[in-house]
Number of protein chains: 2
Amino acid sequence: MSVTFRRPTRQRAAVEALLMNIGDFMSAQDLHARLRAQGQGVGLATVYRTLQAMADDGGVDMLRTSDGEAVYRRCSTGHHHHLVCRSCGRTVEVEGPAVESWTDKISSENGFSDVHHTLEIFGLCASCTPTDPAAPAADADPVEAPAKD
Amino acid sequence: MSVTFRRPTRQRAAVEALLMNIGDFMSAQDLHARLRAQGQGVGLATVYRTLQAMADDGGVDMLRTSDGEAVYRRCSTGHHHHLVCRSCGRTVEVEGPAVESWTDKISSENGFSDVHHTLEIFGLCASCTPTDPAAPAADADPVEAPAKD
DNA sequence: ATCATCTTGACAATGATTCTCATTAAGATC
DNA sequence: GATCTTAATGAGAATCATTGTCAAGATGAT
Ligand SMILES: [Zn+2]
Ligand SMILES: [Zn+2]
Ligand SMILES: [Zn+2]
Ligand SMILES: [Zn+2]
């Protein structure tokens with residue numbers, strides 16, 4: 001009901017291609033840097049515009065990191081959410097009929113209409129989870145100042 | 001388990017008080033403006049620091065608007081989510097054991113540990129939902145330029 | 001080839017959030 | 001109350017992601 005027509009351009013193709021290859025969430029700035037490093041110079045403004053357009057047309061997911069930066073990622077299709085490793089960045093797409101129906105129920109119970117939601121789960125993936133007491137992952141600081149700071 | 005000690009100061013009290021009275025989500029900038037308008041001058045940096053501290057210590061919820069701006073709100077207690085009206089800003093705190101257990105399940109199924117999640121529902125509250133065909137809520141533009149720009 | 005438009009890109013402009021660091025004020029001590 | 005230690009404050013500079021500007025370039029249709 002929207003998906004405005006977009007002219008195929010070299011820069012649009014470059015962005016899509018890179019996004020396809022990477023597979024993980026990337027910020028517009030990241031994308032821009034990689035493209036130029038890769039010789040595929042694309043204006044920063046264009047990267048932003050392209051990414052937003054793709055997100056609008058679907059085909060790309062956008063979410064915000066804890067510090068508010070927007071990051072994009074190619075996505076399969078349909079509505080889903082993510083499980084993101086805060087250590088290595090690995091991402092898993094997950095679906096949950098239970099959650100979807102819950103949000104619908106909650107919304108209508110409270111008289112809200114035309115709703116949409118955001119849901120992301122952040123944690124440590126299997127590889128990044130410290131299994132043995134000698135492999136801390138994210139932020140470790142075992143042997144250090146015993147006094148209170 | 002953390003809640004570092006904070007010295008009670010006039011500015012901290014002012015921020016807390018205003019936050020208590022308002023009840024809805026407000027950005028640090030907002031808070032700062034209101035405080036100064038209210039005569040209660042408080043440095044912008046201090047507003048930011050105070051808000052973040054309060055969010056860390058719990059007692060204040062922080063979430064990001066669709067454009068990435070951080071907004072804060074006094075919160076009752078415990079873990080919960082929000083139903084936010086995108087038109088008038090009204091907010092409803094909601095809890096959902098179903099969702100909580102779902103995220104736990106999904107997390108463990110995928111080997112993720114030490115997780116936390118964000119979940120917000122945006123929509124139009126009852127008052128802002130256009131019931132009759134003459135009361136558009138959010139963005140209305142019925143009688144206007146018929147040409148495409 | 002030609003025209004009307006959509007895109008692009010270099011760079012300025014915004015705007016939120018963070019940093020710096022000298023000054024102020026709690027809290028504890030004497 | 002005077003004094004000392006140190007967290008808290010604030011004015012303004014510094015960051016930095018994102019958006020705006022607008023002339024120049026590319027695309028699809030004629
Ligand atoms: Zn990981
Ligand atoms: Zn969902
Ligand atoms: Zn409303
Ligand atoms: Zn929850």
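Letters A, B, ... mirror the listed sequences (proteins, then strands); counts begin at 1. All of these numbers come straight from a predicted model, not from anything done at the bench.
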S.K.: Rounded to whole Å, how long is the line connecting atom CD of B:Q52 with atom P of C:dA16?
M.R.: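 Taking CD of B:Q52 and P of C:dA16, I get 15 Å after rounding.
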S.K.: Quick one: on DNA chain C, does B:T9 or B:V71 contact a more 5' nucleotide (nearest heavy atom)?
M.R.: B:V71
S.K.: Counting any heavy atom closer than 4.0 Å, what does B:R49 reach on the DNA or RNA strands: base, sugar-phosphate only, or nothing?
M.R.: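 Base contact.
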S.K.: Among the nucleotides C:dA16, D:dG10, D:dG28, which one has an atom lying closest to any side-chain atom of A:P8?
M.R.: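 When the side chain of A:P8 is considered, D:dG28 is the closest of C:dA16, D:dG10, D:dG28.
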S.K.: Base, sugar-phosphate, or nothing: which does B:Q29 touch, judged by heavy atoms less than 4.0 Å apart?
M.R.: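 Base contact - B:Q29 has a heavy atom under 4.0 Å of at least one base atom.
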S.K.: Starting at CZ of B:F5 and ending at C1' of C:dG27, how long is that distance when rounded to a whole Å?
M.R.: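 These atoms are roughly 8 Å apart.
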S.K.: Starting at OG1 of B:T118, measure out to CD of A:E120 and round the result to the nearest 0.5 Å.
M.R.: 5.5 Å
S.K.: Tell me which nucleotide among C:dA26, C:dT8, D:dA17 gets nearest to the side chain of B:R7.
M.R.: C:dA26
S.K.: With the side chain counted from C-beta on, respond yes when A:T103 and A:F112 share a heavy-atom pair under 4.5 Å apart, and no when they do not.
M.R.: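 No; the side chains remain at least 4.5 Å from each other.
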S.K.: Centroid separation under 6.0 Å, is that true for the rings of A:H82 and B:H117?
M.R.: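 That pair fails the under 6.0 Å test.
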S.K.: May I have the distance from A:Q40 (atom CD) to C:dG9 (atom P), rounded to whole angstrom?
M.R.: 11 Å
S.K.: A:Q11 CD to C:dT7 C1': how many Å, rounded?
M.R.: 8 Å
S.K.: Establish, from distance only, whether the side-chain atoms of A:T50 and A:R6 form a donor-acceptor pair under 3.5 Å.
M.R.: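 Their side chains do not contain a donor-acceptor pair, so the 3.5 Å distance test is not met.
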S.K.: Rounded to whole Å, how long is the line connecting atom CZ of B:R12 with atom C1' of D:dA8?
M.R.: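 Distance check: B:R12 CZ to D:dA8 C1' gives 9 Å.
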S.K.: Taking the six-membered ring for Trp, are A:H116 and B:F122 parallel (under 30°), tilted (30 to 60°) or perpendicular (over 60°)?
M.R.: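 Parallel.
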S.K.: Rounded to whole Å, how long is the line connecting atom CZ of A:R6 with atom C1' of D:dG28?
M.R.: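 Rounding to the nearest Å, CZ of A:R6 and C1' of D:dG28 are 17 Å apart.
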S.K.: Using a cut-off of strictly less than 4.0 Å, decide whether A:T46 has a side-chain nitrogen or oxygen near OP1 or OP2 of C:dG9.
M.R.: yes
S.K.: With nearest nucleotide decided by heavy atoms, which residue, B:A70 or A:V42, maps closer to the 5′ end of DNA chain C?
M.R.: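 Looking at DNA chain C, the more 5' nearest nucleotide goes with A:V42.
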S.K.: Quickly work out the B:D67 CG to D:dT19 C1' distance and round it to whole Å.
M.R.: 12 Å
S.K.: May I have the distance from A:Y48 (atom OH) to D:dC16 (atom P), rounded to whole angstrom?
M.R.: 13 Å
